Amino acid sequence: MANTRAEAVAALEAQLGHHFRDKALLDRALTHASVGEGAPVGVHGPKHNERLEFLGDRVLGLLVADKLSRDYPTADEGLLSSSLHALVDKTACARVGEALGVGPALRLSPGETKTGGRRKAGVIADAVEAVLAAVYLDGGLEAARAVFDKAWAAEFAAPPSRTVTNPKSALQEWAQGRGRPLPTYRVADRTGSDHAPTFTVEVTVEGVEPLTAQGRSRQEAEKAAATALLKREGVI
């Protein structure tokens with residue numbers, strides 16, 4: 001198994017197109033937090049990839065925002081924001097990771113391996129962000145950009161999408177981008193039984209007409225209201 005993983009790590013490095021000067025960085029980026037669980041008190045387990053994931057998330061956001069700004073110079077900030085969210089979310093990162101062959105290269109605990117950790121989208125996505133951070137630390141921003149441009153090429157193949165995965169965040173960014181206070185949400189009505197309620201929520205943004213929408217929970221209704229307002233204002 002060790003040889004199999006070593007071959008997978010070497011194949012991943014080749015796919016990235018970056019030769020690591022510090023191999024330990026790549027190994028750490030591929031080490032899941034489950035590794036070392038249950039180690040005796042006082043014994044330090046191997047470093048895992050969560051701190052690298054934190055950094056990689058920020059590096060990825062910068063690279064995506066920069067590329068979107070350069071590739072679509074006339075797009076409004078609402079479209080750029082929704083596109084950014086779609087390109088950095090866990091689903092996109094997992095697709096990138098699967099294409100790179102991250103799964104077989106992961107270092108997992110026996111328990112995580114048995115439960116299919118190498119195929120879990122969340123585990124793969126987190127590792128992709130950690131690997132990008134490892135490249136950044138090993139070779140700098142331009143090295144990370146070179147890996148990013150290659151790895152995310154398929155994700156950028158389509159033009160920017162106006163699909164909003166987090167409408168409340170998108171509405172907040174839209175409002176702030178225009179110097180307005182944060183959107184506010186108010187439950188205008190609640191009908192139905194306790195087991196099957198329907199919430200009507202009103203969303204208000206300074207300078208535009210309030211709008212209401214319904215959902216089976218308050219959160220669902222707030223998302224629906226945010227989406228409807230974004231559509232009405234031509235953001236999506």
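Source: prediction; values computed, not measured. Residue indices begin at 1 and follow the sequence shown.
- Ion pairing between Arg5 and Asp27 holds under the 4.0 Å rule for side-chain N and carboxylate O.
- Both Val135 and Leu141 are assigned to one and the same hydrophobic cluster, defined by single-linkage of ILVMFWY side chains at heavy-atom distances under 4.5 Å.
- Both Leu87 and Tyr72 sit in one connected hydrophobic cluster of ILVMFWY residues. Membership requires side-chain heavy atoms under 4.5 Å apart, directly or through other members.
- Residues Pro167 and Thr227 come closest through the heavy atom pair CB-OG1, 3.2 Å.
- Nearest approach of Ala133 to Gly56, heavy atoms of both residues: CB-N, 3.4 Å.
- A distance of 4.5 Å separates CZ of Arg186 from CD of Glu202, quoted to the nearest 0.5 Å.
- Residues Cys93 and Trp152 come closest through the heavy atom pair SG-CZ2, 4.1 Å.
- Crowding of Arg51 atom CZ: a count of heavy atoms from other residues, nucleotides or ligands under 6.0 Å not exceeding 12.
- Residue-environment remark: CZ (Arg119) stays at or below the threshold of 12 foreign heavy atoms within 6.0 Å.
- The pair Glu112-Arg107 fails the salt-bridge criterion, with no side-chain N (NZ, NE, NH1 or NH2) lying under 4.0 Å from an Asp/Glu carboxylate O.
- Separation of atoms CG (Asp138) and CG (Leu26) is listed at 9.0 Å; rounding is to 0.5 Å.
- Rounding to the nearest 0.5 angstrom, the gap separating the CZ atom in Arg70 from the CG atom in Asp66 is 4.5 Å.
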Test log, rule side-chain contact (heavy atoms from CB on, under 4.5 Å), inputs Leu52 and Lys47
CA-CA 10 Å; Leu52 284 175; Lys47 293 180 179 179; over 6 Å; no

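- Interatomic distance, CG of Leu63 versus CG of Leu132, reported as 6.0 Å (0.5 Å rounding).
- Salt-bridge check for Arg178 with Glu206: failed, with every basic side-chain N at 4.0 Å or more from each acidic carboxylate O.
- With a 6.0 Å radius and a threshold of 12 heavy atoms from other residues, nucleotides or ligands, Lys231 has its NZ atom at or below the threshold.
- Closest of all the heavy-atom pairs between Asn49 and Ala29 is ND2-O, 3.0 Å.
- For the pair Glu129 and Lys90, the minimum side-chain heavy-atom distance is below 4.5 Å.
- Atom CG in Leu84 sits 10.0 Å away from atom CG in Leu62 (nearest 0.5 Å).
- Heavy atoms from other residues, nucleotides or ligands lying under 6.0 Å from CZ of Arg232 number more than 12.
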Evaluate side chain to side chain donor-acceptor pair (under 3.5 Å) for Gln214 paired with Thr200, printing each intermediate quantity in order.
CA-CA 4 Å; Gln214 293 183 329; Thr200 300; 3.1 Å; yes

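- Across every non-hydrogen atom of Leu80 and Leu68, the tightest pair is O-CD1, 3.7 Å.
- Cation-pi geometry between Lys67 and Phe148 is not met: the NZ or CZ atom fails to fall both under 6.0 Å from the ring centre and inside 45° of the normal.
- Side chain to side chain, Asn166 and His85 fail the donor-acceptor criterion of an N or O pair below 3.5 Å.
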Criterion side-chain contact (heavy atoms from CB on, under 4.5 Å) on Tyr136 and Val147, from CA distance to verdict:
CA-CA 10 Å; Tyr136 168 73; Val147 169; over 6 Å; no

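- Taking every heavy atom of both residues into account, Ile124 and Arg118 meet most closely at CD1-O, 3.4 Å.
- Between the side chains of His32 and Ser34, at least one donor N or O sits under 3.5 Å from an acceptor N or O.
- Atoms CG and CG, from Asp126 and Leu30 in turn, are 12.0 Å apart once rounded to the nearest 0.5 Å.
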Check the pair Leu137, Leu55 against side-chain contact (heavy atoms from CB on, under 4.5 Å), reporting the backbone distance first and the verdict last.
CA-CA 10 Å; Leu137 292 174; Leu55 175 60; 3.9 Å; yes

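- Of the possible polar contacts, none joining the Glu155 side chain to the Val96 backbone as a donor-acceptor pair under 3.5 Å is found.
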Val123 vs Leu108, test: side-chain contact (heavy atoms from CB on, under 4.5 Å). Steps then yes/no.
CA-CA 10 Å; Val123 173; Leu108 306 172; 4.3 Å; yes

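- Just one of Glu220, Glu222, Glu173 meets the salt bridge (charged side-chain N to carboxylate O under 4.0 Å, His left out) condition when paired with Lys168; it is Glu222.
- Salt bridge present: Arg145 and Glu142 bring a charged side-chain N and a carboxylate O closer than 4.0 Å.
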